[in-house]
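Right, one structure below, let's go through it.
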Amino acid sequence: MEEKSYRGGAAKGAPSSADEEADRRLGRRRRLSRPADFRLVFERGRRRAGRYLVLVRRAGEADESRAAFVAGKRTFRRAVDRARARRLLREAYRLQRGGMTGRWDMILIARRPILDVKRQAVEEELVRLAAGRGRTREKR
RNA sequence: GGAGGCCGUGCCGGCGCGCGGCGCGCGGGGACGGGAGGAAAGUCCGGACUCCGCAGGGCGGGACGCCCCGUGAAAACGGGGGCUUCUCCGGCCAUACCGGGGAAGACGGCAGUGCCACAGAAAACAAACCGCCCUUCCGGGUCGAACCCGCGAGGGGUAAGGGUGAAAAGGCGGUGUAAGAGACCACCGGGCCGCGCCGUAAGGCGGGCCGCACGGUAAACCCCGUCCGGAGCAAGGUCGAAUAGGAAACGAGAGGCUGCCCGCCUCGUGCCGGGGCGCCGUACGGCGCGGCCGGUGACGUUUCGGGUUGACCGCAAAGAUAAAUGACCGAGCCCGCCUUCGGGCGGGCAACAGAAUCCGGCUUAUGAGCUCCUCAA
RNA sequence: GCGGGCGUAGUUCAACGGUAGAACUCCAGCCUUCCAAGCUGGCCAUACGGGUUCGAUUCCCGUCGCCCGCU
């Protein structure tokens, strides 16, 4: 996959150029929290699947983009793995959020191979999926 | 090698997350404080707490179970002692028994009941298949008898030997006998005793009696003793919103059958349906007026209770509710390789694993190191 | 999170503590020109680890997996 290993801290570690003092905070306002919101995204949203995660999103209704991070109990049996997968997704989204365009409500679903890779790889795939590349699939 | 206990990575930096009180000033942002475990796990026990039930008690069901001491609210845990089983060593003819070392034990019950397949003669108030012994008959050896022989037949004795089995009714030796046998004897073992001594006790030692008549299984039914009402924080409670239906009170009642209650009838009020008139509208239809016809006690307001959804409390010196405790840079430490001895490169800083009401136990998973005890060399 | 139930052939179910069976499936043979049906025979299992017992699918303990209920 990637031949040159990125070095450098979080301040300049992102592969994109979206780090000019971006707001990297991710408070409750920027997350999905109500079951009704989840139902809307799952039923009306578009899905893009990658190797480490699945991205489901639809045009957002709030002032800012909102996201949620999901690790299913079926795919990750142990609680440690669920927490690990969800934290990877959240950290990757947090660092790359500034580089994304549009206002979306999105759900990131972790897939099993995510446990074997570092945050760097998850970020790259998230950026790729959000930009519209990769396989896409319509949902309804 | 075995067993137990302790600890379960630390430092700097900026980027983030959820919580608390503080002050800005109330859309949010700021500094400070604190933020995973010994198992947070499995949910196997016990409690706190909450709701339901309850005069009192029983049945059913369940948990625990040698003795003493200690800790504890209880479950449970720790220490010491006893007994049993297994194993090793020694004694011994001996797998029987005795002595010693080690390990393990869900270790109350000489009240009753059930079960013990197959094999085997017989499996629990024993039993005779082979064998052994005695005897009768038959046949033969002989003319006959004593006596001897028989893959021969019958009757009887016998638990030493064979064989079956997880287990065969005390062990070894001797006396004895037709052959044998606790039939008898010595030693060992066992059972019973309102017996003696020692011990707080479980129990131990001794004495007397019994030739021994009392197999295993209670993680089989059961009996005895102690304890247990049920459910569980998604318990339970508070507040608000929208919607349809329920209960109570009040609002409109009057008259008659009939003096009162109930009931029935008439009129009125309310509601529903159908006509009539007016207005709006292309139409479906809507609003108002009127009180013409039919039906109904059905109506309105308030309060209460139930369901749905949301927020809060319960809830904490970690504490949420799509659920925080993370990712990264650096220094340091360790390992391997190279080295021109200045250093360079690569890898690692772990294992098991992530709190959802809390606490005490049990069980299971697991890394490096430290420490203690015991055994062997 | 809290509570409850169940693990037996490939599947659906049996089995007082005493050799684990049945039906369907699968395989082979017979029958048929061939297939199906039918007939005959065969293969295949007690989730795992301990304990009690002479003996465990059954009794007891632990581990693992699956299913269900409760907002």
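Side-chain atoms are counted along with the backbone in the values below, which use heavy atoms only and exclude waters and symmetry mates. Residue numbers begin at 1 in each chain, while the letters A, B, ... track the order of the sequences.
Pair assignment for A126(B) gives none, since no Watson-Crick or G-U wobble pairing has each distance under 3.5 Å. Remark: G78(B) base-pairs with C69(B); criterion is Watson-Crick or G-U wobble with both hydrogen-bond distances under 3.5 Å. Under the Watson-Crick or G-U wobble criterion, with both distances below 3.5 Å, G276(B) is paired with C289(B). Across all strands shown, U243(B) has no partner, as no Watson-Crick or G-U wobble contact with both distances under 3.5 Å is found. Using the Watson-Crick or G-U wobble rule with both distances under 3.5 Å, U301(B) pairs with A249(B). Pairing of A331(B), defined by two Watson-Crick or G-U wobble distances under 3.5 Å, is not identified with any nucleotide. Across all strands shown, C86(B) pairs with G102(B); the Watson-Crick or G-U wobble distances both stay below 3.5 Å. Nucleotide A39(B) forms no Watson-Crick or G-U wobble pair with any nucleotide shown, as no partner meets the under 3.5 Å limit on both distances.
Rounded to a whole Å, the CZ atom of Arg78(A) is 7 Å from the P atom of G354(B). The separation between Arg25(A) atom CZ and G16(B) atom P is 7 Å, rounded to whole Å. Atoms CZ (Arg31(A)) and C1' (A320(B)) sit 11 Å apart, rounded to a whole Å. In this structure, Leu95(A) places its CG atom 12 Å from P of A327(B), rounding to the nearest Å. Atom pair Arg97(A):CZ and C17(B):C1' shows a separation of 14 Å (rounding to whole Å applied). In this structure, Tyr93(A) places its OH atom 17 Å from C1' of C15(B), rounding to the nearest Å. Between Leu88(A) atom CG and C328(B) atom C1' there is a gap of 13 Å when expressed in whole angstrom units. As a whole-Å value, the separation of Phe42(A) CZ from A322(B) P is 14 Å.
Between Asp81(A) and Arg78(A) there is a salt bridge, with a side-chain nitrogen of the basic residue lying less than 4.0 Å from a carboxylate oxygen of the acidic one. Between Asp105(A) and Arg58(A), no side-chain nitrogen of the basic residue sits less than 4.0 Å from a carboxylate oxygen of the acidic one, so the salt-bridge criterion is not met. The residues Glu91(A) and Arg119(A) are annotated as not salt-bridged, no charged nitrogen and carboxylate oxygen being separated by less than 4.0 angstrom.
Rounded to the nearest Å, the gap between the P atom of G21(B) and that of C304(B) is 34 Å. The separation of G157(B) from G163(B), taken at their P atoms, amounts to 27 Å, rounded to a whole angstrom. Here, C92(B) and G171(B) have their C1' atoms 13 Å apart, quoted to the whole Å. Between the C1' atoms of A218(B) and G82(B), the separation comes to 23 Å (whole Å). The separation of U136(B) from A146(B), taken at their P atoms, amounts to 10 Å, rounded to a whole angstrom. Straight-line distance between the P atoms of U371(B) and C352(B): roughly 27 Å, to the nearest whole Å. The same atom, C1', is picked in U364(B) and in G50(C); the two are 14 Å apart, to the nearest Å.
No option in Ile109(A), Leu126(A), Leu108(A) other than Leu108(A) meets the side chain to side chain contact (heavy atoms under 4.5 Å, CB included) test with Leu89(A).
If you find the closest nucleotide of RNA chain B to Ala83(A) and to Lys118(A), the one lying nearer the 5' end belongs to Lys118(A). When each of Asp81(A) and Arg86(A) is assigned the nucleotide of RNA chain B with its nearest heavy atom, Arg86(A) is the one assigned upstream, toward the 5' end.
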Intra- and interstrand pairs of RNA chain C - dot-bracket, Watson-Crick/G-U under 3.5 Å, | marks other strand: (((((((..((((....[..)))).(((((.......)))))....(((((..]....)))))))))))).
Report each atom pair, protein N/O against N/O of nucleotides 68-71 of chain C, whose distance is under 3.5 angstrom.
none

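Taking the syn range as angles within 90° of 0, the glycosidic angle of A252(B) is outside it, so the base is anti. Anti is the conformation of G346(B), whose glycosidic angle sits further than 90° from 0. The glycosidic torsion of G330(B) lies more than 90° away from 0, placing the base in the anti range. In G275(B) the O4'-C1'-N dihedral to the base is within 90° of 0, which defines a syn nucleotide. For G307(B), the base is anti relative to its sugar; the glycosidic angle deviates from 0 by more than 90°.
Between the CZ atom in Arg66(A) and the CH2 atom in Trp104(A) there is a gap of 14.0 Å [rounded to 0.5 Å]. Note that the CZ atom of Phe69(A) and the CG atom of Leu26(A) stand 5.5 Å from one another [nearest 0.5 Å].
A donor-acceptor contact under 3.5 angstrom links the side-chain atoms of Arg87(A) to the base of G354(B).
Residues Val54(A) and Ile107(A) fail the side-chain proximity criterion, which asks for heavy atoms closer than 4.5 Å. At a threshold of 4.5 Å between non-hydrogen side-chain atoms, the residues Met106(A) and Leu55(A) count as touching. Residues Leu129(A) and Glu125(A) form a side-chain contact, since some pair of their non-hydrogen atoms from C-beta on lies under 4.5 Å apart. Inter-residue side-chain proximity for Phe76(A) and Leu115(A) is flagged as met; some heavy-atom pair is nearer than 4.5 Å. A heavy-atom distance below 4.5 Å is not found between the side chains of Arg111(A) and Thr75(A). With a 4.5 Å cut-off on side-chain heavy atoms, Arg94(A) and Arg30(A) do not count as touching.
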For side-chain contact (heavy atoms from CB on, under 4.5 Å), just list the numbers for Arg128(A) and Arg48(A), CA-CA rounded to whole Å, side-chain angles, deciding distance to a tenth of an Å, and then say yes or no. CA-CA 10 Å; Arg128(A) 187 167 53 84; Arg48(A) 298 180 206 277; over 6 Å; no
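Counting any heavy atom pair closer than 4.0 Å across all strands shown, Arg77(A) reaches sugar-phosphate atoms only and no base atom.
OP1 or OP2 of A327(B) lies within a sub-4.0 Å distance of a side-chain N or O belonging to Arg84(A). Taking 4.0 angstrom as the limit, Arg30(A) places none of its side-chain polar atoms (N or O) nearer than this to OP1 or OP2 of A322(B).
An aromatic stacking contact links Phe38(A) with the base of A322(B), defined here by ring centres under 5.5 Å apart and ring planes under 30° from parallel.
Of the listed nucleotides (G326(B), C17(B), G354(B)), C17(B) has the atom at the smallest distance from the side chain of Arg90(A).
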